[in-house]
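See below for the structure under consideration.
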Amino acid sequence: MAFGWIDEQALARRRAGLVRTLRPRPADSPLLDLASNDYLGLARHPEVTEGAARAARGWGAGATGSRLVTGTTELHTELERELADFCGFEAALVFSSGYAANLAAVTALAPHGSLVVSDAGNHASLIDGCRLARGTTQVVAHADPDAVRKALAMHDGDAVTVSDTVFSVDGDAAPLAGLAEVCREFGAGLVVDDAHGLGVLGEGGRGAAQAVGLAGADDVVVTVTLSKSLGSQGGAVLGPARVIDHLVNAARTFIFDTGLAPAAAGGALAALGLLRREPERAARARAVAAELHARLTAIGLQAVRPNAAVVSVRAPSPEGAVRWAADCRAAGLAVGCFRPPSVPDGISRLRLTARADLSGEQIERAVRVIGETRP
């Protein structure tokens, strides 16, 4: 029977307690949200939603074509200028998603004969970029510049090191300064995914690269998403102008994909404007994460100390994590649930995302629910 193997895999997932399901949410959910990536609380901000609506009214519901045909509007180029200026890079290129931006950056910057050194904890989009790249990929130990050095030392030719800046599972930060130092020893490029750093780290949320003095470097490329701190949709690659020009001509997820919807570009532009005016939102998100961590560990839970806005709490098993998240939801709290194969170390977790707009009362309530429902 066609696709008969699907039934076998479905049975194996059920037996392992790893079945995933979609859970549509209403427009006005009653749950306290510690599951989304809306770190700055901007997804529903009136200025952001009005920016999106105004763009849709002016430019239409969709971009109508690929960026090289009809999919580039004045909004797209304005957003690219604003992102590059805000983050401190020479140029930027906007994509329909952060996933597409990562695929573009890795595949276009790792040609045949090159080496891609990839952190073992990288996001799936970077991993898929490595799989699609024509270069050879070597996976190295997590957050270990010495492991990167050993890999680069064994290769004679072009090379690029690829890493998240803040890892999405535990919320720990990559040693960016150390990685850059090692890459420069060997003339390698550094490509980092700042999905969880933009809007949270750096001066006024300008990102992890800016925080360690790497913004604008001619050997550093940064990818970002517009769907987390900026509360919109889409992604971008930031870097030297010659790198961005190369992506326009060589990145398949740019050339062959429909451009980002104007509403998403308009919403992201409005969010950037808000962040410029209210830079304290970044520090507040970090403070909320630190408070969540302190309160959770105080009641005896194993939580990883956050470097940005992600707080990871260990669960006893995949089934225990699913049950814990469900019990939290029943008590009015939405939390993330990470389990294999999404977690490479096999340790299931609840993942909490701190938001700049959470009140002290909401933080206290969240910790109380998590503690009362622990397996």
Side-chain angles (χ1 to χ4, degrees), residues 63 65-69 71-72 76-77 79-81 83-84 87 89-119 122-140 148 151-152 155 157-165 174 176 179-180 183-184 186-195 198 207-209 214-227 234-260:
S66 69
R67 289 290 307 274
L68 291 171
V69 185
T72 296
H76 290 82
T77 55
L79 177 56
E80 287 163 349
R81 287 194 302 268
L83 280 169
C87 297
F89 286 86
E90 191 175 10
L93 192 64
V94 168
F95 290 76
S96 61
S97 71
Y99 210 110
N102 274 345
L103 292 182
V106 179
T107 57
L109 298 177
H112 181 75
S114 65
L115 173 68
V116 185
V117 182
S118 177
D119 188 288
N122 278 344
H123 187 264
S125 54
L126 289 178
I127 294 171
D128 286 351
C130 292
R131 290 171 174 170
L132 292 171
R134 296 186 178 183
T136 300
T137 296
Q138 183 170 344
V139 179
V140 296
V148 174
L152 292 174
H155 177 74
D158 294 328
V160 62
T161 296
V162 177
S163 176
D164 287 6
T165 63
L176 292 188
L179 292 176
C183 286
R184 286 166 179 168
F186 297 93
L190 178 62
V191 175
V192 294
D193 175 4
D194 203 28
L198 176 66
L214 293 176
D218 60 8
D219 56 354
V220 175
V221 172
V222 171
T223 65
V224 297
T225 180
L226 313 178
S227 63
V237 180
L238 315 172
R242 65 191 183 98
V243 171
I244 300 305
D245 288 342
H246 172 69
L247 295 183
V248 170
N249 288 277
R252 294 174 66 84
T253 55
F254 178 82
I255 296 170
F256 297 106
D257 191 22
T258 297
L260 180 68

Contact check, side chains of [X] and [Y], non-hydrogen atoms, under 4.5 Å:
X	Y	result
Cys183	Asp219	no
Leu226	Leu79	yes
Leu109	His246	yes
Ile244	Val221	no

Residue of the set Val106, Thr223, Asn102 for which side-chain contact (heavy atoms from CB on, under 4.5 Å) holds with Ser125
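Option passing the side-chain contact (heavy atoms from CB on, under 4.5 Å) with Ser125: Asn102.
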Shortest non-hydrogen separation from [X] to [Y] and the atoms involved:
X	Y	value
Ala63	Thr258	CB-CG2, 4.3 Å
Ala101	Gly235	CB-C, 4.3 Å
Ala209	Phe89	CB-CZ, 4.1 Å
Leu238	Ala92	CD2-CB, 3.2 Å
Cys87	Ala215	O-CB, 3.3 Å
Asn249	Ile255	O-CD1, 3.5 Å

Go through Ser163 and Leu179 one step at a time and tell me if the side-chain contact (heavy atoms from CB on, under 4.5 Å) criterion holds.
CA-CA 9 Å; Ser163 176; Leu179 292 176; 4.1 Å; yes
Short side-chain to backbone donor-acceptor contact, [X] and [Y], under 3.5 Å:
X	Y	value
Asp194	Ala208	yes
His123	Asp164	no
Thr225	Gly234	yes
Arg67	Val94	yes

What's the separation between atom [atom1] in [X] and atom [atom2] in [Y], rounded to the nearest 0.5 Å?
X	Y	atom1	atom2	value
Leu214	Thr165	CG	OG1	11.0 Å
Ser96	Asp257	OG	CG	3.5 Å
Ser118	Ile127	OG	CD1	6.0 Å
Leu247	Thr107	CG	OG1	8.0 Å
Leu126	Leu103	CG	CG	8.5 Å
Thr136	His155	OG1	NE2	7.5 Å

Please collect all salt bridge (charged side-chain N to carboxylate O under 4.0 Å, His left out) contacts where either partner lies in residues 96-108, sequence neighbours excluded, each pair once.
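Found none.
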Atom CG of residue position Asp128 - does it have more than 12 heavy atoms of other residues, nucleotides or ligands inside 6.0 Å?
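More than 12 within 6.0 Å, yes.
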